[in-house]
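Letters A, B, ... mirror the listed sequences (proteins, then strands); counts begin at 1.
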Amino acid sequence: MPELPEVETTRRGIDAVATGHTLTGMVVHESRMRWPIPKALPDLIKGQTVRACLRRGKYILIEFDTGTVLIHLGMSGSLRSVMQGELLRKHDHVEWLFKHATLRLHDPRRFGSVLWHPREQGPIEQHPLLAKLGIEPFDPAFNAKYLHDGLAGRSMSIKQALLAGDIVVGAGNIYASESLFRARIHPKTKASRVSLARCTRLALAIRETLTDALESGGSTLRDYVNATGEPGAYFTLHAAVYEREGQPCRVCATPIKRIVQGQRATYFCPSCQKV
DNA sequence: CTTTAACCCTGGAGGC
DNA sequence: TGCCTCCAGGGTTAAA
């Protein structure tokens, strides 16, 4: 479920609930995630005040005085504040308790992770999982030249280069397809052969696609984060191509195609998008 | 160095 | 109803 817009919406939700407040406890119901949740973590952060809730790529960073909790939602994770007395659901793996609120991590597939980075190990940006991430799409430095330079010398397809996340983060499997449609670039185009002019369109398309999703996701996810018990509110995504195989392109009515690249589905319009 | 494929895990949908 | 196969928004890791 979580692409960058949903992660950012989640971050805003927990920021409003947690920042400036003291953690009264952390309960781990299931520690077997992508990596085991450190056993010592609850004792390390209990009683500390949350200084900030940040985001890097699809990682949520909860900062304390002695270090940072890194949270990734994987494919099926969600993190929300629950009502007082709300029953624990299956796959609710972790709870962070505050005097006035409880945050719960729910993740059926357990591809997500909860890790600890002690302050003495250096700045969080140098954490191995964050160090090689590409630029944030809303960083002013992310422009056509940056993208073009990043793609230079890479033989893989543009779709896979976007998905790799080491040039620019944020365009996951849905929005990589959607952004390429918006930029009218064929997903199989060799990354190194995307011209500077097309990089201008693509950088813009990525930002616009994510902005649109964030705006619609922000409204639907507001009650997701503050859920009153109703689980699983989704994005009201108005996809141009994603999961629209065989349906008419919204621009030219040509049937949308589905292909597989790197074991992931890609959708595109064979008429609008050129190699 | 870059690129590819296997893998981690559960659940929903659809065919029979 | 059950059992099977396929598919899913993520990313790390080992192998080529």
When you check the phosphate oxygens OP1 and OP2 of dG9(C), does a side-chain N or O of Y175(A) lie under 4.0 Å from one of them?
no

Presence of salt bridge, R201(A) and E208(A), under 4.0 angstrom:
no

Suppose we screen for side chain to side chain donor-acceptor pair (under 3.5 Å). Which residues come up paired with S31(A), at least two apart in sequence or across chains?
none

Could you check which residues of residues 159-170 of chain A get a heavy atom under 4.0 Å from DNA chain B? Sort them by number, please.
none

Span that lies between the P atom of dC6(C) and that of dA6(B), in whole angstrom
15 Å

Checking H148(A) now: which residues fulfil ring-ring contact (aromatic ring centres under 6.0 Å, His included) with it, not counting sequence neighbours?
none

Strand contacts (DNA chain C) in residues 26-40 of chain A, 4.0 angstrom heavy-atom criterion:
R34(A), W35(A)

For DNA chain B, just give me the dot-bracket, please: Watson-Crick or G-U, both distances below 3.5 Å, ( ) intra-strand, [ ] crossing earlier pairs, | paired with another strand, . unpaired.
.|||||||.|||||||

Near DNA chain C, under 4.0 Å by heavy atom, which residues of residues 255-266 of chain A?
R258(A), R264(A), A265(A)

Counterpart residues, ring-ring contact (aromatic ring centres under 6.0 Å, His included), relative to H29(A) (two or more places apart)
none

For E8(A), enumerate each residue passing the side chain to side chain donor-acceptor pair (under 3.5 Å) test, keeping only those at least two apart in sequence or located in another chain.
R11(A), R12(A), R55(A)

Between the protein and nucleotides 11-15 of chain B, which nitrogen or oxygen pairs come in under 3.5 angstrom?
{"unit_1": "dG11(B)", "atom_1": "OP1", "unit_2": "K90(A)", "atom_2": "NZ", "d": "3.3"}
{"unit_1": "dG11(B)", "atom_1": "OP1", "unit_2": "H91(A)", "atom_2": "NE2", "d": "2.5"}

Taking only the P atom of each, what is the distance from dC9(B) to dT13(C) in whole angstrom?
15 Å

Residue pairs passing the ring pair (Phe, Tyr, Trp, His ring centres under 6.0 Å) test where at least one lies in residues 103-136 of chain A, sequence neighbours excluded
H117(A)-H127(A)

Qualifying ring pair (Phe, Tyr, Trp, His ring centres under 6.0 Å) pairs with a residue from residues 41-76 of chain A, counting only residues at least two apart or across chains:
Y59(A)-H72(A)

Would F111(A) count as stacking on dC9(B) if stacking means ring centres less than 5.5 angstrom apart and planes tilted under 30 degrees?
no

Partner residues of H186(A) under the ring-ring contact (aromatic ring centres under 6.0 Å, His included) criterion, sequence neighbours left out:
F268(A)

